[in-house]
Amino acid sequence: DRNGNILAKTIITRNIGINPNLVIDKKTLLLKLKILFPQKNYDLIEKKLNGNKFFYFAEELNPENYEKLILIGDKSLIPENRVTRVYPQKNLFSHIIGQIDNENNGVSGIEKSYDKILKDGSYNLKLSVDLNLQYLIHAELIKFQNIFNSIGSAAILMNSENGEILSLLSLPDYDLNKRQLLNDKNLINRATKGVYELGSVFKTFTYAAGLNEGSIKPDTEFKNLEKKIYCSKFPIGEYDEKIPSDLTAEDILIRSGNIGSIRIAQKVGEQKFKQFLSDLGLLNKLDFELEEVGTPLKFKWGKCKLATSAYGHGITTTPLQLAKAYSIISNGGYDIKPTLILKKTERDIRYQQIISEDVSKKVNLALRKIVTEEEGTASFANINGYEVAGKTGTAQKSIQGGYSKNKINTFASIFPASNPKYVLIVMLDEPKPNKDYIYEYKDGSGWKIKGTQFNTAGWTAVEVAGKIIEKIGPILATKY
């Protein structure tokens with residue numbers, strides 16, 4: 001990792017195989033082996049001895065057991081030294097590091113992307129991730145996967161100024177040392193490969209586009225906003241029927257208004273809005289160090305697609321692209337390139353400016369209010385001392401031909417809001433309410449409430465993000 005902790009290394013392992021064609025006395029050999037290694041399956045070994053194919057009796061032996069086998073002195077016992085990879089952190093970095101095959105060829109992750117460099121052995125590859133941050137975030141994701149009974153989750157912590165990824169996780173994960181054949185689709189890298197409709201986290205981009213194009217100001221008033229409109233016979237309503245009909249542009253974002261977001265997007269216009277999302281890197285496949293990168297689904301733009309995209313419905317992207325876009329929005333408007341590789345020479349490069357610093361500050365202010373104000377949807381992330389800002393997204397999970405009742409709940413956060421340095425994305429895949437979980441209000445009242453009141457991001461992903469920031473905040477404050 002960035003601090004020199006070993007995440008993967010090459011070692012020489014000692015293996016002993018058996019060539020059945022060289023066995024002189026099968027019974028004697030089996031007896032000697034049983035005395036030394038009684039726990040093995042000798043019915044299977046005897047079956048293999050009756051064949052004529054070489055097979056491994058024991059792999060990755062310690063020096064003591066290796067010597068015991070050699071001292072048997074049987075010609076059929078074939079010693080072998082094999083170069084292999086070991087992973088001291090087991091499953092902690094599984095989706096980043098990836099797997100190798102039996103011939104030590106990288107088949108996924110960094111192992112595949114940097115296969116030649118890693119085999120060369122003359123160069124230690126240093127990743128941008130931090131072992132301690134990864135461990136703490138992983139622990140919280142595991143804990144809340146059990147609390148909200150989700151089928152999976154993802155988290156990305158990124159330096160919003162230079163794109164360095166300090167932590168990237170996807171659950172469920174797997175132990176890299178076991179060399180498993182991964183056929184389970186649930187083991188997908190949700191952080192980079194999974195493509196999702198992420199809902200209201202897109203409203204931040206709608207608000208930013210309006211400001212950047214000069215179509216609105218934070219105090220621009222939208223009066224008589226309908227509670228429901230129709231587009232091609234399909235109804236579009238508000239998630240909260242109590243939302244006021246008269247709102248400023250900033251309040252539309254804070255209160256997560258669907259209809260108001262549509263009105264802002266309509267002011268921006270289809271072509272400019274599409275270009276803005278494209279400039280943020282949301283619409284096309286991202287260039288990244290891992291091959292496991294998802295491609296947002298293509299669609300035909302039109303009046304209805306403009307309307308639904310304004311509030312994050314019917315438009316897909318990956319959590320990695322969401323992290324990039326929120327980095328640009330919050331860092332003064334500069335493009336960044338997400339990276340897992342520590343590159344000292346590129347840390348201070350300033351890329352294209354996509355939005356003005358003034359717009360960036362105005363959006364950050366609104367995102368902070370989403371966390372601090374009573375009307376906001378992310379109050380459980382208001383962790384004292386870290387100035388957390390962000391936007392929630394609760395989306396129905398799309399299935400072939402429509403939508404299911406299952407949810408994708410996301411919280412895209414930035415901190416500290418007055419001078420943003422980090423973006424934290426937390427996404428939960430199919431979370432369920434927990435009737436026994438105790439929530440603590442962050443308004444200083446000391447109030448607590450039992451049970452998840454609504455299966456929304458504000459009651460799930462926000463709570464997870466808040467707990468993560470509480471754990472990692474001290475490390476970020478002292479080390480970075």
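Only heavy atoms go into these numbers, but all of them, side chains included; no hydrogens, no water, no symmetry mates. In this chain, residues are counted from 1 in sequence order.
Side-chain contact between Phe55 and Pro20: present, with at least one pair of heavy atoms (C-beta onward) separated by less than 4.5 Å. Contact check for Pro431 versus Phe144: no side-chain heavy atoms found under the 4.5 Å cut-off. You'll find the side chain of Asp1 stays beyond 4.5 Å of the side chain of Leu342, heavy atoms only. Gln321 has its side chain out of reach of Pro338: every pair of non-hydrogen atoms, C-beta onward, lies at least 4.5 Å apart. Side-chain contact between Leu171 and Ile142 is present, with heavy atoms from C-beta onward closer than 4.5 Å. At a threshold of 4.5 Å between non-hydrogen side-chain atoms, the residues Thr339 and Ile165 do not count as touching. His95 has its side chain out of reach of Lys193: every pair of non-hydrogen atoms, C-beta onward, lies at least 4.5 Å apart. Within the 4.5 Å cutoff, no side-chain heavy atoms of Lys48 are placed close to those of Ile18.
The two atoms that bring Leu141 and Ala155 nearest to each other are CD1-CB, 3.9 Å, heavy atoms only. When all heavy atoms of Gln453 and Gly451 are compared, the closest pair comes out as NE2-O, 2.9 Å. Of all heavy-atom pairs between Thr206 and Ala310, the closest is OG1-O, 2.7 Å. The nearest pair of heavy atoms linking His138 to Asn91 is NE2-ND2, 4.2 Å. When all heavy atoms of Gly281 and Leu286 are compared, the pair lying nearest together is O-CD1, 4.3 Å. Between Ala395 and Gly199 the shortest heavy-atom distance is CB-N, 3.8 Å.
Checked by atom type and distance alone, the side chain of Lys435 never pairs as donor or acceptor with a backbone atom of Pro433 at under 3.5 Å. Judged purely by atom type and a 3.5 angstrom limit, Ser160 uses its side chain to pair as donor or acceptor with the backbone of Lys421. For the pair Glu289 (side chain) and Ile96 (backbone), a donor-acceptor distance under 3.5 Å is absent. For the pair Ser108 (side chain) and Gln99 (backbone), a donor-acceptor distance under 3.5 Å is present. Side-chain atoms of Thr452 come within 3.5 Å of backbone N or O of Asn434 as a donor-acceptor pair. For the pair Lys407 (side chain) and Asn455 (backbone), a donor-acceptor distance under 3.5 Å is present. Side chain of Ser170 to backbone of Arg190: a donor-acceptor contact under 3.5 angstrom is found. Between the Glu430 side chain and the Gly152 main chain, no donor and acceptor come within less than 3.5 Å of each other. For Asn186 (side chain) and Ile151 (main-chain N/O), a donor-acceptor pair under 3.5 Å exists by modelled atom type. Not a single donor-acceptor pair under 3.5 Å links the side chain of Asn3 to the backbone N or O of Asn5.
If you take CG on Leu340 and CG on Leu166, they are separated by 10.5 Å, rounding to the nearest 0.5 Å. To the nearest 0.5 Å, the span separating CD on Gln396 from CG on Asn406 amounts to 9.5 Å. Remark: Lys324 NZ to Asp335 CG distance equals 3.5 Å, nearest 0.5 Å. Interatomic distance, Leu187 CG to Ser94 OG, rounded to the nearest 0.5 Å: 8.0 Å. From Ile236, atom CD1 reaches atom CZ of Phe234 across 10.0 Å, with rounding to the nearest 0.5 Å. Atom CD1 of residue Ile97 and atom CG of residue Leu92 lie 8.5 Å apart, to the nearest 0.5 angstrom.
If you check the side chains of Glu161 and Asn331, you find no donor sitting under 3.5 Å from an acceptor. Side-chain N/O atoms of Asn284 and Lys298 include a donor and acceptor closer than 3.5 Å. Using a 3.5 Å distance cut-off with no hydrogens or angles, the side chains of Gln275 and Asp279 do pair a donor with an acceptor. Between the side chains of Lys119 and Asn105, at least one donor N or O sits under 3.5 Å from an acceptor N or O. Residues Lys343 and Ser128 have side chains that never bring a donor and an acceptor to within less than 3.5 angstrom of each other.
Ion pairing between a basic and an acidic side chain is recognised when a charged N comes within 4.0 Å of a carboxylate O; Asp74 and Lys32 show no such pairing. Ion pairing of Lys112 with Glu292 is absent here, as no side-chain N (NZ or NE/NH1/NH2) approaches a carboxylate O to less than 4.0 Å.
Within a 6.0 Å sphere centred on CG of Asn102, heavy atoms belonging to other residues, nucleotides or ligands number 12 at most. Atom CG of Asn50 sits in a crowded spot, with more than 12 heavy atoms from other residues, nucleotides or ligands closer than 6.0 Å. Surrounding NZ of Lys90 are at most 12 heavy atoms belonging to other residues, nucleotides or ligands under 6.0 Å away. Counted within 6.0 Å of CD on Glu103, heavy atoms from surrounding residues, nucleotides or ligands total 12 or fewer; the atom is thus considered open. For Tyr56, the OH atom counts as densely surrounded, since its 6.0 Å shell holds more than 12 non-hydrogen atoms of other residues, nucleotides or ligands. Surrounding NZ of Lys40 are more than 12 heavy atoms belonging to other residues, nucleotides or ligands, all under 6.0 Å away. Counting non-hydrogen atoms of neighbouring residues, nucleotides and ligands closer than 6.0 angstrom, the CG atom of Asp436 exceeds 12 such neighbours. In this structure, Glu67 places its CD atom where only 12 or fewer heavy-atom neighbours from other residues, nucleotides or ligands lie under 6.0 Å away.
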Take Ile328 and Tyr351, measure what side-chain contact (heavy atoms from CB on, under 4.5 Å) needs, and give me the verdict at the end.
CA-CA 10 Å; Ile328 296 167; Tyr351 292 102; over 6 Å; no

Apply the test side-chain contact (heavy atoms from CB on, under 4.5 Å) to residues Ile468 and Leu157: give CA-CA distance (whole Å), side-chain angles for both, the deciding distance (0.1 Å), then the verdict.
CA-CA 10 Å; Ile468 287 172; Leu157 177 67; over 6 Å; no

Check the pair Met427 / Leu322 against side-chain contact (heavy atoms from CB on, under 4.5 Å), numbers first and verdict last.
CA-CA 11 Å; Met427 188 204 77; Leu322 190 70; over 6 Å; no

Might you work through the side-chain contact (heavy atoms from CB on, under 4.5 Å) test for Ile156 and Leu424, ending with a clear yes or no?
CA-CA 6 Å; Ile156 300 171; Leu424 173 66; over 6 Å; no

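A centroid separation of 6.0 Å or more is found between the aromatic rings of Tyr135 and Phe93. Separation of the Phe205 and Phe202 ring centroids falls under the 6.0 Å cut-off.
Using cut-offs of 30° and 60° on the angle between ring planes, the pair Phe57 and Tyr42 is tilted.
Residue pairs meeting the ring pair (Phe, Tyr, Trp, His ring centres under 6.0 Å) criterion with at least one member in residues 391-417, sequence neighbours excluded, are His313-Tyr403, Phe415-Tyr422.
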Side chains of residues 457-467: which donor-acceptor partners sit under 3.5 Å, not counting sequence neighbours?
residue : atom : partner : partner atom : Å
Thr460  : OG1  : Asn409  : ND2          : 3.0
Thr460  : OG1  : Thr456  : O            : 2.8
Glu463  : OE2  : Tyr437  : OH           : 2.6

Please tabulate, for side-chain N and O atoms in residues 377-386, each donor-acceptor pair with protein atoms closer than 3.5 Å (sequence neighbours left out).
residue : atom : partner : partner atom : Å
Thr377  : OG1  : Thr392  : OG1          : 2.7
Asn382  : OD1  : Arg368  : NH1          : 3.2

